[in-house]
Asks: 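If you scroll down you'll find the structure; I have some questions about it.
Both backbone and side-chain heavy atoms feed into the values below; hydrogens, waters and symmetry mates do not. Remember, predicted model here, so these are calculated numbers, not experimental data.
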Amino acid sequence: MRRALTSVGTGDGTGGEDQGPVSRLWHVTLSVSGKPAPLSEVRRGLEQLAHDHPFLLTSRYADDHAEIRYWEEARDLHDAAAVALRLWGEHRSTARLPPWEIVGLEVIDRTTYHQRVAEGYGPPPAHPVGVHPY
């Protein structure tokens with residue numbers, strides 16, 4: 001069964017019974033890596049991706065890997081993960097991203113994210129927002 005995918009800002013949030021499940025926020029961390037590329041090109045590509053998709057919170061990068069963190073609105077984890085897995089490949093040419101492969105994906109709900117941060121073992125809040133070297 002195919003699922004309709006949504007992205008931040010597309011759901012109306014009403015979630016009435018006849019409309020199906022209510023969308024939720026999911027924290028996504030996408031890790032990519034590959035052959036080294038000039039740092040200036042990696043940064044420019046990630047900045048273009050962030051410009052094209054302002055829902056991106058933060059990106060960290062080196063010459064051979066990067067990590068993108070953002071919030072995704074979706075009905076369930078499957079939908080959020082499907083959108084995340086398409087992000088890099090679908091925008092590789094338009095943002096001129098390196099031809100790296102996805103090597104990691106974490107998708108957690110908002111409650112779990114905040115619980116991890118509060119307990120001190122989760123990812124730190126995405127500050128400062130933007131594109132930064134490791």
Asks: Taking all atoms of both residues into account, what is the closest heavy-atom pair of Leu105 and Val28, and its distance?
Replies: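 Reported closest heavy-atom pair: CD1-CG1, 3.9 Å.
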Asks: Mind checking the CZ-CG spacing from Arg86 to Leu30? Nearest 0.5 Å is all I need.
Replies: 13.0 Å
Asks: Might you confirm whether atom NE2 of His51 has over 12 heavy atoms from other residues, nucleotides or ligands at distances under 6.0 Å?
Replies: no
Asks: Which is it for Glu67 and Thr29 under the side-chain contact (heavy atoms from CB on, under 4.5 Å) test, yes or no, and what are the steps along the way?
Replies: CA-CA 7 Å; Glu67 177 184 273; Thr29 303; 3.6 Å; yes
Asks: With rounding to the nearest 0.5 angstrom, report the CD to OG distance, Glu101 to Ser31.
Replies: 11.5 Å
Asks: For the residue pair Tyr113 and Trp71, does the interplanar ring angle fall in the parallel (under 30°), tilted (30 to 60°) or perpendicular (over 60°) class?
Replies: perpendicular
Asks: Find the distance between CD (Glu90) and NE2 (His53) and round it off to the nearest 0.5 Å.
Replies: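 That separation rounds to 8.5 Å.
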Asks: Are the side chains of Gln48 and His91 in contact, using a 4.5 Å heavy-atom criterion?
Replies: no
Asks: Is the distance between the ring centroids of Tyr134 and His65 under 6.0 Å?
Replies: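 Yes; His65 has its ring centre under 6.0 Å from that of Tyr134.
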Asks: Atom CG in Asp63, atom OG in Ser40: separation rounded to 0.5 Å?
Replies: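 It comes to 11.0 Å.
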Asks: Run the salt bridge (charged side-chain N to carboxylate O under 4.0 Å, His left out) test on Arg24 and Asp109 for me, step by step, so that the C-alpha distance in whole Å, both residues' side-chain angles and the decisive distance to 0.1 Å come before the verdict.
Replies: CA-CA 8 Å; Arg24 296 165 46 192; Asp109 68 357; 3.3 Å; yes
Asks: Mind listing the closest non-hydrogen atom pair of Leu46 and Ala66 along with its distance?
Replies: CD1-CB, 4.2 Å
Asks: List the steps and the verdict of side-chain contact (heavy atoms from CB on, under 4.5 Å) for Glu41 and Arg96.
Replies: CA-CA 8 Å; Glu41 290 181 21; Arg96 297 189 329 210; over 6 Å; no
Asks: Of all the heavy-atom pairs spanning Val103 and Ser33, show the shortest one and how long it is.
Replies: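 Looking at all heavy atoms of both residues, the shortest contact is CG1-OG, 3.4 Å.
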Asks: Please identify each residue that fulfils side-chain contact (heavy atoms from CB on, under 4.5 Å) with Ala37, with sequence neighbours left out.
Replies: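 For Ala37 the side-chain contact (heavy atoms from CB on, under 4.5 Å) partners, ignoring immediate neighbours, are Val42, Pro98, Trp100.
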Asks: Are the side chains of Trp26 and Ile108 in touch, meaning some heavy atoms are under 4.5 Å apart?
Replies: no
Asks: Less than 4.5 Å apart, any side-chain heavy atom of Leu49 and any of Ile68?
Replies: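 Side-chain contact under 4.5 Å: yes.
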Asks: Identify the two heavy atoms, one from Pro133 and one from Arg43, that lie closest to each other, and give their separation to 0.1 Å.
Replies: CD-NH1, 4.1 Å
Asks: So that I can tick it off, tell me whether Glu106 and Arg116 are bridged by a salt bridge, with the cut-off set at under 4.0 angstrom between side-chain N and carboxylate O.
Replies: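 Looking at Arg116 and Glu106, the cut-off is met.
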Asks: Please find the pair of heavy atoms, one from Leu39 and one from Ala62, that lie closest to each other, and give the distance.
Replies: CD2-C, 3.5 Å
Asks: Any side-chain heavy atom of Arg92 sitting closer than 4.5 Å to one from Pro99?
Replies: yes
Asks: Where is the tightest heavy-atom contact between Ala80 and Val107, given as atom of each residue plus distance?
Replies: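 Distance-wise, the nearest heavy atoms are CB-CG1, 3.9 Å.
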